[in-house]
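Here's the structure we're looking at; comments come further down.
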Amino acid sequence: MAEAGIRRGKLMLSGGVAVGRSLHMQRLFSTFALALVATLLCAPPALAWGPRGHRIVARLAEAQLTPQAWAEAQRLLALRGAQHLSDVANWADDLRNTDPALFQRTRRMHFVNFHSGDCIYDPPRDCRRGECAVAAIEKYSAILANRANPPAKRAEALAFVVHFVGDIHQPLHADYRHDAGGNDFQVRWHGRGTNLHKVWDSLMLDSTHLSAAQYTRKLQAEDSSIATGGTPVEWAEESCRIDRDDGVYPRTHFIDQAYVDRELPIAEQRLRQAGARLAALLNRDLGNG
Ligand SMILES: [Zn+2]
């Protein structure tokens, strides 16, 4: 992404010169290109399903809400100037820039690190001080469900729940290998270096060139029988087992088409499950007012 963007920036510059644009336009292009390059070079490591993955989960869930849960969700979303779950689905990641202090306090809630390949959740070991995705979903779900809480607090909890239920279904957000969820596992992707976490967060999904809306419709059309049950602990343990058993870690460190053909359907299944389970959770927390 960064390399392509930089190349694009250079092309724009030379294009501007070639067609003899005014000096002013050239300067404008130069400034834009430099800003683009700086932005791309400073991009921090990924922390979650990319924006597209989270929006897909939110869209899938929203379509499965009961009328009561949807009415209550809309009331809370409006407090945040939002209309849809997908509008708030990436807020927890965006905090990195919009509210660094809150981001710092919630940073560890985007994932859970198992410390053993048995993939059995052990809270004192895997979720110290309650700072992990499992505990975060339980915490914010409880805040959301309690109508005695201030509406603004419940609205914030809704945004966190929408995001963290997505994250916990991304297999590398519940990993056991002590490699920062694949961030430290370097791979080759289409001739350039990246890391495995990024492949799962966004590169595989983005390679389909489907928008979140298109992707959601594709997933809805393909499947209608997703198990909605389970607990955050079970969802995390599932993710861990996928990392361990389903070829997520390529021995060659090379992401080829065979890898994508094998793993993308698993990623899509996790999105479907996340959407269905998020809906079930929200129907429970918001539905019986
Ligand atoms: Zn996240």
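Each ligand, and each atom within it, is numbered from 1 in the order the structure gives.
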(request) State, without any angle test, whether H54 and D167 hold a side-chain donor-acceptor pair at a distance under 3.5 Å. (result) yes

(message) Under a 3.5 Å cutoff, is there a donor and acceptor pairing between the side chains of H115 and H178?
(response) no

(request) Determine, using the 4.5 Å side-chain heavy-atom cutoff (strictly less than), whether L102 and M109 are members of one ILVMFWY cluster. (result) yes

(request) With rounding to the nearest 0.5 Å, note down the distance linking CD1 in I255 to OG1 in T194. (result) 9.0 Å

(request) Specify whether an N/O/S atom of H173 falls short of 2.8 Å from the Zn ion (ligand 1). (result) no

(message) If I take the Zn ion (ligand 1) as the centre, what angle separates the ND1 atom of H110 from the OD2 atom of D167? Nearest 10 degrees is fine.
(response) 100°

(message) Report the atom name of the nearest N/O/S atom of H163 relative to the Zn ion (ligand 1).
(response) NE2

